[in-house]
Amino acid sequence: MKLSGPPSDIHPVLRRAAAPPAALDLLSQAQHGLDEAAAHELPGDRYATAHLAALRTAAAVLAVRGRPESTERARRRIRSAWDVLPEVAPELSEWCALFASGAQRRARAEAGIRGAVTPREADDLLRAAGMFLRLVERLLRTQPAFPRARVDAEPSAAPRS
């Protein structure tokens with residue numbers, strides 16, 4: 001009976017693995033941004049700061065999984081993080097759509113346009129950015145660790161005494 005390769009009844013176990021320092025720094029900045037957003041009284045300030053925290057969270061994923069564009073023409077093209085992120089992290093596509101849809105509102109809020117954002121919209125975005133951050137923290141700090149393959153003892157090797 002040959003016992004090589006991973007057994008079929010063992011499943012991958014999640015093991016903590018730290019993301020690169022640049023990504024961890026971006027996640028920390030995002031958390032500080034959420035704390036700052038929560039302290040803002042004006043809905044526009046709360047919304048813009050929470051949206052920026054979500055962008056920093058997206059940047060952390062791109063710092064880990066991003067890859068350079070393959071052609072010179074593609075490298076010259078400016079693209080939103082919300083457009084690039086689904087290519088390297090398809091599991092975050094719905095989050096990208098949510099935050100991309102708020103980019104214009106964030107720009108109006110940053111410009112100081114009154115009524116650009118309601119208190120409810122600001123609170124909703126703040127909650128969403130917080131959930132997005134927690135999800136990305138789990139995504140970047142854990143990776144599956146597969147069991148090592150079993151190695152047969154060489155049949156010609158005699159036991160040592």
Side-chain angles (χ1 to χ4, degrees), residues 6 10-148:
I10 296 180
H11 303 283
V13 176
L14 292 180
R15 181 181 297 162
R16 292 256 176 228
L24 295 176
D25 185 50
L26 286 163
L27 293 175
S28 177
Q29 289 178 37
Q31 181 59 59
H32 289 299
L34 289 175
D35 295 341
E36 181 184 338
H40 282 299
E41 289 186 29
L42 296 175
D45 293 342
R46 196 162 53 251
Y47 190 95
T49 307
H51 197 273
L52 182 58
L55 271 171
R56 286 185 174 131
T57 303
V61 178
L62 292 173
V64 173
R65 292 191 183 179
R67 48 190 185 268
E69 295 286 354
S70 57
T71 66
E72 178 67 30
R73 183 177 182 193
R75 281 190 293 273
R76 279 191 253 141
R77 190 175 56 171
I78 296 173
R79 295 174 48 194
S80 162
W82 306 123
D83 293 333
V84 178
L85 192 58
E87 295 172 10
V88 297
E91 65 274 28
L92 300 175
S93 293
E94 290 180 25
W95 289 100
C96 294
L98 171 74
F99 293 118
S101 71
Q104 291 289 333
R105 188 172 289 127
R106 173 186 168 209
R108 289 194 306 271
E110 287 178 325
I113 298 173
R114 291 186 138 222
V117 178
T118 67
R120 171 73 186 261
E121 290 167 333
D123 292 342
D124 288 348
L125 187 76
L126 181 58
R127 271 190 302 280
M131 292 188 325
F132 182 57
L133 175 60
R134 297 288 93 71
L135 176 70
V136 167
E137 284 174 335
R138 276 187 250 127
L139 180 74
L140 295 184
R141 291 185 179 166
T142 58
Q143 64 186 24
F146 295 96
R148 294 186 181 176

Is Arg106 close to Leu55 at the side-chain level, that is, under 4.5 Å between some pair of heavy atoms? yes

What are the two closest heavy atoms between Ala109 and Gly44, and how far apart are they? CB-O, 3.5 Å

Using side chain to side chain contact (heavy atoms under 4.5 Å, CB included), reason through Asp35 and Gln31 one step at a time and then give a plain yes or no. CA-CA 6 Å; Asp35 295 341; Gln31 181 59 59; 3.0 Å; yes

For Trp82 and His51, take the angle between the two ring planes, folded into 0 to 90°, and tell me which bin it lands in: parallel under 30, tilted 30 to 60, perpendicular over 60. perpendicular

Can you tell me how far OG1 of Thr57 sits from CZ of Phe99, rounded to the nearest 0.5 angstrom? 7.5 Å

Qualifying salt bridge (Lys or Arg N to Asp or Glu O under 4.0 Å) pairs with a residue from residues 42-56, counting only residues at least two apart or across chains: Arg46-Asp123

Could you tell me the separation between the CZ atom of Arg65 and the CG atom of Leu92, rounded to the nearest 0.5 Å? 7.0 Å

Looking at every heavy atom in both Arg108 and Ala116, which two are closest together, and how far apart are they? CB-CB, 3.7 Å

Can you confirm whether Glu91 is buried at CD, in the sense that more than 12 heavy atoms of other residues, nucleotides or ligands lie under 6.0 Å from that atom? yes

Can you name the closest pair of heavy atoms from Pro86 and Ser93 and give their distance? CB-OG, 3.4 Å

Between the CG atom in Leu34 and the CZ atom in Arg127, the distance rounded to the nearest 0.5 Å is 12.5 Å

For the CG atom of Leu98 and the CE atom of Met131, what is their distance to the nearest 0.5 Å? 8.5 Å

What closest approach, in Å, do Ala89 and Val61 show between heavy atoms, and which atom pair accounts for it? CB-CG1, 4.0 Å

In terms of heavy-atom contacts, Ala122 and Pro43 come closest through CB-O, 3.4 Å

Given Trp95 and Leu135, is the side chain to side chain contact (heavy atoms under 4.5 Å, CB included) satisfied, shown in steps? CA-CA 10 Å; Trp95 289 100; Leu135 176 70; 3.4 Å; yes

Nearest 0.5 Å, please: how far is CD in Gln29 from CG in Leu24? 11.5 Å

Kindly compute the distance separating OH (Tyr47) from CZ (Arg120), expressed to the nearest 0.5 Å. 13.5 Å

At their closest point, which heavy atom of Leu126 faces which heavy atom of Ala37, and how far apart are they? CD1-CB, 3.7 Å

